[in-house]
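These notes concern the structure reproduced below.
Per chain, numbering begins at 1; letters A, B, ... match sequence-line order.
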There are 2 protein chains.
Amino acid sequence: MPVTDGRSRARRREQPDPAGVLERSGVGSRAERKELTRQKLVGVTLRLIADRSLASISLREVAREAGIVPTAFYRHFASMDELGVELVDESMRPLRQMIREARRGRVAHGDIIVDTVAVLAKHVRGHPDHFRFLVRERYGGIGAVRRSIATELRLFTSDLTVDLSRLTAGLDWSTDDLEMAAGLMISAMLGVVMDLLEAEERRPEDVETILERAEHQLRLIVLGMGGWRSKP
Amino acid sequence: MPVTDGRSRARRREQPDPAGVLERSGVGSRAERKELTRQKLVGVTLRLIADRSLASISLREVAREAGIVPTAFYRHFASMDELGVELVDESMRPLRQMIREARRGRVAHGDIIVDTVAVLAKHVRGHPDHFRFLVRERYGGIGAVRRSIATELRLFTSDLTVDLSRLTAGLDWSTDDLEMAAGLMISAMLGVVMDLLEAEERRPEDVETILERAEHQLRLIVLGMGGWRSKP
DNA sequence: TGTACATCAGTGAACGCGCGTTCACTGATGTAC
DNA sequence: TGTACATCAGTGAACGCGCGTTCACTGATGTAC
């Protein structure tokens with residue numbers, strides 16, 4: 001059991017480091033080290049979410065994985081719920097980064113839809129825990145987290161609505177209709193995200209099919225938009 | 001506190017009925033009474049799901065609400081996970097009933113889309129707990145339940161695919177494309193279901209807007225299908 | 001129909017465990033002079 | 001630069017609690033004769 005591997009985390013879990021000497025070997029100010037621990041709590045929780053819901057993860061478990069004593073958790077968050085809300089923020093970052101990149105690609109060249117789905121796939125692959133957290137807790141058991149995600153997704157829809165209004169500049173689309181179309185795209189893509197995550201880790205041969213289907217769904221929506229006539 | 005209201009359940013929670021005399025006052029066979037308790041366990045769990053996830057509900061809590069001792073739970077299910085899988089079955093029933101009714105309406109008359117959304121709204125209103133369970137646990141923390149829901153939704157998609165194949169009889173749609181469109185409709189409608197549930201219980205004035213948006217989304221998809229040309 | 005025995009849904013005591021939270025503390029880091 | 005004091009991230013013991021699960025049981029219901 002006491003194998004010497006280079007990773008201090010794994011070693012510390014077997015042979016605790018009560019005084020935190022390893023952590024405090026002169027790197028950074030106290031504030032910086034506090035921030036480091038905070039990030040560790042967030043990261044650890046995100047990893048634990050992989051096959052369970054936030055509601056079933058205990059404060060003690062998170063503290064244990066982060067290498068601190070349970071009571072030290074309270075130096076960073078008042079409760080797991082509060083950590084959860086922080087996680088929403090953390091997880092929206094890659095999503096926002098994604099739409100920024102998709103937007104850039106849009107101006108440049110080629111098939112908008114193929115590019116968009118490629119960017120989606122790339123970001124989901126790059127931040128699986130963040131995306132899984134969002135999809136899993138979107139309708140999950142913790143009210144504060146659910147509401148926080150709903151708010152962020154609403155902002156996200158607004159963003160996409162603005163983008164769509166540029167694409168439909170010539171046609172007489174109302175804001176409501178644009179939002180409706182944006183909402184449909186996001187519903188569709190959130191479904192794709194979870195399918196993608198499940199496929200990535202247990203049926204990699206399905207990934208291509210899922211991406212192709214995602215492209216087709218977006219194309220179908222765009223086609224529909226082409227034929228749309230606003231009604232009262 | 002010891003108020004006399006007519007409901008035996010509420011009374012029993014305050015003044016337990018250890019020997020189960022109330023339950024056993026000569027109604028039904030032993031097997032029938034067992035089935036009754038089983039249904040009570042299922043129903044109680046479905047109610048507890050309203051604002052929490054299945055993973056955070058304890059066996060003892062369910063037993064308590066159902067009016068039995070924790071150990072008696074095992075006469076019906078080996079674990080909460082097993083009860084969860086049973087709940088999927090139970091919850092799919094109103095959904096299947098819904099599609100059957102939507103299909104009937106389709107043959108009869110009027111605007112298919114308006115009718116479909118009306119049927120959806122009616123069933124969601126009639127079985128809020130069942131629908132909430134499905135949407136919440138679809139990507140929730142319990143693997144067995146998640147897989148069970150995925151399987152059922154796949155069957156559901158197949159059903160809808162068959163329906164769509166009738167509607168597109170003239171055009172040259174491949175099965176893959178039909179499935180893709182069916183999947184898109186289901187993604188969209190599952191999103192609507194949760195919005196609807198949240199609105200029903202805390203912003204009833206939004207319900208109309210949500211239903212209208214659902215109609216528009218379906219219409220957009222149908223429009224897209226009209227313009228679709230199959231590709232390899 | 002009556003009797004003797006089998007079945008089994010529900011009981012209740014008991015267990016060890018991990019939980020969230022309190023509290024007084026330690027000692028390295030930060031700050032004021 | 002050196003010293004005295006304040007701050008505060010992390011410690012560790014302790015608490016009461018609800019949990020899932022075991023076990024031997026009870027007594028009404030069901031069955032065989």
Look at the side chain of [X] and the base of [N], then say whether one donor and one acceptor between them are separated by less than 3.5 Å.
| X | N | value |
| --- | --- | --- |
| B:Arg33 | D:dT29 | no |
| A:Arg75 | D:dG10 | yes |
| A:Arg60 | C:dG20 | yes |

Legend entry - Contact check, side chains of B:Leu46 and B:Leu87, non-hydrogen atoms, under 4.5 Å: yes

Legend entry - B:Glu208, CD: over 12 other non-hydrogen atoms inside 6.0 angstrom: no

Protein-nucleotide distance ([X], atom [atom1]; [N], atom [atom2]), rounded to Å:
| X | N | atom1 | atom2 | value |
| --- | --- | --- | --- | --- |
| B:Phe77 | D:dG20 | CZ | P | 15 Å |
| A:Asp81 | C:dG20 | CG | C1' | 13 Å |
| A:Glu61 | C:dG20 | CD | C1' | 14 Å |
| A:Phe73 | C:dG20 | CZ | C1' | 11 Å |
| B:Lys34 | D:dG30 | NZ | P | 13 Å |
| A:His76 | D:dA9 | NE2 | C1' | 6 Å |
| A:Gln39 | D:dA9 | CD | C1' | 16 Å |
| A:Ile68 | D:dG10 | CD1 | P | 6 Å |

Legend entry - Cationic N near anionic O, under 4.0 Å, A:Arg103 to A:Asp163: yes

Would you say a side-chain N or O of [X] is under 4.0 Å from OP1 or OP2 of [N]?
| X | N | answer |
| --- | --- | --- |
| A:Ser29 | C:dT29 | no |
| B:Thr37 | C:dG10 | yes |
| A:Arg64 | C:dG20 | no |
| B:Ser58 | D:dC19 | yes |

Inset, instruction - Return yes if some donor-acceptor pair links the side-chain N/O of B:His123 with the main-chain N/O of B:Val119 below 3.5 Å, else return no. - result: yes

Legend entry - Check: B:Val88 main-chain N/O paired with B:Ser91 side-chain donor or acceptor under 3.5 Å: no

Inset, instruction - Give none if D:dA13 has no partner; otherwise give the nucleotide forming a Watson-Crick or G-U wobble pair with it, both distances under 3.5 Å. - result: C:dT22

Inset, instruction - Return the nucleotide paired to D:dG30: Watson-Crick means purine N1 to pyrimidine N3 with N6-O4 or O6-N4, wobble means G-U with N1-O2 and O6-N3, both under 3.5 Å. - result: C:dC5

Legend entry - Of A:Val69 and B:Met80, the one whose closest DNA chain D nucleotide lies more 5': A:Val69

Legend entry - Residue closer to the 5' end of DNA chain D, A:Ala72 versus B:Leu59 (nearest nucleotide): A:Ala72

Legend entry - Nearest listed nucleotide, side chain of B:Tyr74, among C:dA9, D:dG20, C:dT29: D:dG20

Inset, instruction - On DNA chain C, check which nucleotide each of A:Ala31 and B:Thr71 is closest to and give me the residue with the more 5' one. - result: B:Thr71

Legend entry - Pair A:Glu35, A:Gln39: side-chain N/O donor-acceptor within cut-off below 3.5 Å: yes

